[in-house]
Amino acid sequence: MLTIALPKGRIAKETLEKFEKAFNEEFIFEDRKLILEKGGFRFLNVRNQDVPTYVMHGAADLGVVGLDVLEEKEYDLIKLLNLHLGKCKVAFGLKRGEELDFSKSEIKVATKHEKIAKKYFEQKAMAVEIIKLYGSIELAPIVGLSDCIVDIVETGTTMKQNGLEVGPTIMESSAHLIANKNSFYAKKEIILELKQRLEEVL
Ligand SMILES: Nc1ncnc2c1ncn2[C@@H]1O[C@H](COP(=O)(O)OP(=O)(O)OP(=O)(O)O)[C@@H](O)[C@H]1O
Ligand SMILES: O=P(O)(O)OC[C@H]1O[C@H](OP(=O)(O)OP(=O)(O)O)[C@H](O)[C@@H]1O
């Protein structure tokens with residue numbers, strides 16, 4: 001049986017809709033149940049950021065997750081299919097009217113995306129202090145916690161309403177179907193069949 005980790009939260013609804021179309025059946029995790037069995041597949045209801053962890057450890061063969069989370073986890077997983085949902089970018093946010101002061105000996109960056117931010121500054125050979133936050137990232141430069149932020153931008157409204165401007169983009173993101181490498185080679189036929197079913201409803 002193939003096990004697929006599906007994300008809770010922001011991209012849950014659109015993800016379930018894709019699977020509903022592909023399977024031509026309703027997909028509902030009843031009440032507090034975290035497992036759903038459908039058409040010979042087992043679906044897991046997990047936190048968005050935990051999806052790659054389940055797939056990496058082989059507890060799920062496949063998963064659906066945003067590229068931003070995948071990049072942040074740095075796991076060696078197969079990207080099978082772009083589902084073209086949950087579209088956003090990971091970008092800098094700066095106080096309106098300000099620019100990054102590259103002459104500073106160390107730039108303070110508040111972010112949920114620690115590794116993505118660190119890699120960006122490493123490539124530019126710039127010293128950076130990463131301040132890990134778990135939400136409300138846009139507050140950080142306004143109250144002097146950091147010089148800038150690296151965060152998800154979808155419409156840009158949150159930055160705008162908090163006195164920030166969207167700066168350079170680090171990466172574009174959308175939800176992808178991902179696979180565990182061993183599962184992919186061991187269960188290639190069924191995985192490719194599922195991929196095709198999803199492709200047909202995109
Ligand atoms: N405006 C947005 N804000 C946040 N994520 C967005 C937005 N637009 C699209 N996304 C995508 O949706 C994914 C899910 O976001 P969500 O807020 O549900 O989870 P999370 O906070 O990253 O994870 P968790 O629930 O595990 O803490 C993100 O990883 C990103 O790829
Ligand atoms: O560009 P926008 O359309 O305004 O969307 C971007 C905002 O949405 C996300 O926040 P979320 O709602 O997940 O809150 P949190 O990060 O504070 O948990 C993200 O971290 C940004 O703050």
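When a ligand or atom number is given, it counts from 1 through the structure's own listing order.
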**Student:** Check each atom of ligand 1 against the heavy atoms of C88 and keep those under 4.0 Å away; list them by number with element.
**Tutor:** 8 (N), 9 (C), 10 (N), 11 (C), 30 (C), 31 (O)

**Student:** Return the closest protein heavy atom for atom 19 (C) of ligand 2 as residue, atom name and distance.
**Tutor:** D151 OD2, 3.6 Å

**Student:** Between atom OG1 of T169 and atom NZ of K89, what is the distance when rounded to the nearest 0.5 Å?
**Tutor:** 3.5 Å

**Student:** Hey, which atoms in ligand 1 end up nearer than 4.0 Å to a heavy atom of D68?
**Tutor:** 28 (C), 29 (O), 30 (C), 31 (O)

**Student:** For M1 and K187, which heavy atoms make the closest approach, and how far apart are they?
**Tutor:** O-NZ, 3.7 Å

**Student:** Hey, could you give me the NZ/CD distance between K119 and E122, rounded to the nearest 0.5 Å?
**Tutor:** 9.0 Å

**Student:** So is Q161 in contact with ligand 2, going by heavy-atom distances below 4.0 Å?
**Tutor:** no

**Student:** Determine, considering heavy atoms only, which of E72, E71, K87, R47 sits nearest to atom 24 (P) of ligand 1.
**Tutor:** R47

**Student:** Would you tell me which option among K112, H113, R10, K8 has the nearest heavy-atom contact to atom 21 (O) of ligand 1?
**Tutor:** K112

**Student:** Would you say F29 ends up clustered with L62 if hydrophobic residues are merged whenever their side chains have heavy atoms under 4.5 Å apart, either directly or through other cluster members?
**Tutor:** yes

**Student:** If you measure from atom 1 (N) of ligand 1 to every heavy atom of E154, K89, H176, E14, which option wins on shortest distance?
**Tutor:** E154

**Student:** Please state whether K112 comes within less than 4.0 angstrom of ligand 2, counting heavy atoms only.
**Tutor:** yes

**Student:** What do we get for M159 next to ligand 2 when only non-hydrogen atoms under 4.0 Å count, side chain, backbone, both or neither?
**Tutor:** neither

**Student:** Please list, in number order, the atoms of ligand 1 under 4.0 Å from a heavy atom of I152.
**Tutor:** 2 (C), 3 (N), 4 (C), 5 (N), 6 (C), 7 (C)

**Student:** Can you list the ligand 2 atoms lying under 4.0 Å from a non-hydrogen atom of I152?
**Tutor:** 6 (C), 19 (C), 21 (C)

**Student:** Any idea which atoms of ligand 1 are less than 4.0 Å away from a heavy-atom of G66?
**Tutor:** 31 (O)

**Student:** For atom 19 (O) of ligand 1, what's the nearest protein heavy-atom neighbour? Residue, atom name and distance, please.
**Tutor:** N48 ND2, 3.3 Å

**Student:** Just which atoms of ligand 2 are under 4.0 Å from any heavy atom in V153?
**Tutor:** 1 (O)

**Student:** Name the closest protein heavy atom to atom 18 (O) of ligand 2, giving the residue it belongs to and the distance to 0.1 Å.
**Tutor:** G135 CA, 3.9 Å

**Student:** May I ask you to identify the nearest protein heavy atom to atom 3 (O) of ligand 2, giving residue, atom name and distance to one decimal place in Å?
**Tutor:** T155 OG1, 2.5 Å

**Student:** Which residues satisfy the ring-ring contact (aromatic ring centres under 6.0 Å, His included) test with F23, sequence neighbours excluded?
**Tutor:** F27, F41, F43

**Student:** So, do E199 and L81 sit near enough that their side-chain heavy atoms are less than 4.5 Å apart?
**Tutor:** yes

**Student:** Quick one: CG on D147 to CD1 on I131, what's the gap to the nearest 0.5 Å?
**Tutor:** 8.0 Å

**Student:** Do any nitrogen or oxygen atoms of G156 come within less than 3.5 Å of a nitrogen or oxygen of ligand 2?
**Tutor:** yes

**Student:** Taking only heavy atoms of S173, which atoms of ligand 1 are found under 4.0 Å from at least one of them?
**Tutor:** 31 (O)

**Student:** Atom 14 (O) of ligand 2: protein heavy atom closer than 4.0 Å?
**Tutor:** no

**Student:** Should the pair K112-D151 be classified as a salt bridge under the 4.0 Å nitrogen-to-oxygen rule?
**Tutor:** no

**Student:** Within a distance under 4.0 Å of any heavy atom of G9, pick out the atoms of ligand 1 and give their elements.
**Tutor:** 18 (O)

**Student:** Does a sphere of radius 6.0 Å around NZ in K118 hold more than 12 heavy atoms from other residues, nucleotides or ligands, not counting ones at 6.0 Å or beyond?
**Tutor:** no

**Student:** Report yes if the distance between the aromatic ring centroids of F121 and F92 is under 6.0 Å, otherwise no.
**Tutor:** yes

**Student:** Please could you name the atoms of ligand 1 that I11 approaches to less than 4.0 Å, counting only its heavy atoms?
**Tutor:** 12 (O)

**Student:** Would you mind telling me if ligand 2 is within reach of the side chain of T158, the backbone, both or neither, using heavy atoms under 4.0 Å?
**Tutor:** both

**Student:** Considering only heavy atoms, which of K160, R10, E138, E154 lies nearest to atom 10 (O) of ligand 2?
**Tutor:** R10

**Student:** Measure the distance from atom 17 (O) of ligand 2 to every protein heavy atom, then report the residue, atom name and distance (to 0.1 Å) of the closest one.
**Tutor:** S136 N, 2.7 Å

**Student:** Under 4.0 Å from a heavy atom of T157: which atoms of ligand 2 are those, numbered in the order shown and with their elements?
**Tutor:** 1 (O), 4 (O)

**Student:** We want to know whether D68 and H113 form a side-chain donor-acceptor pair, criterion being a heavy-atom distance below 3.5 angstrom.
**Tutor:** yes

**Student:** For ligand 1, which atoms sit closer than 4.0 Å to a heavy atom of V69?
**Tutor:** 29 (O)

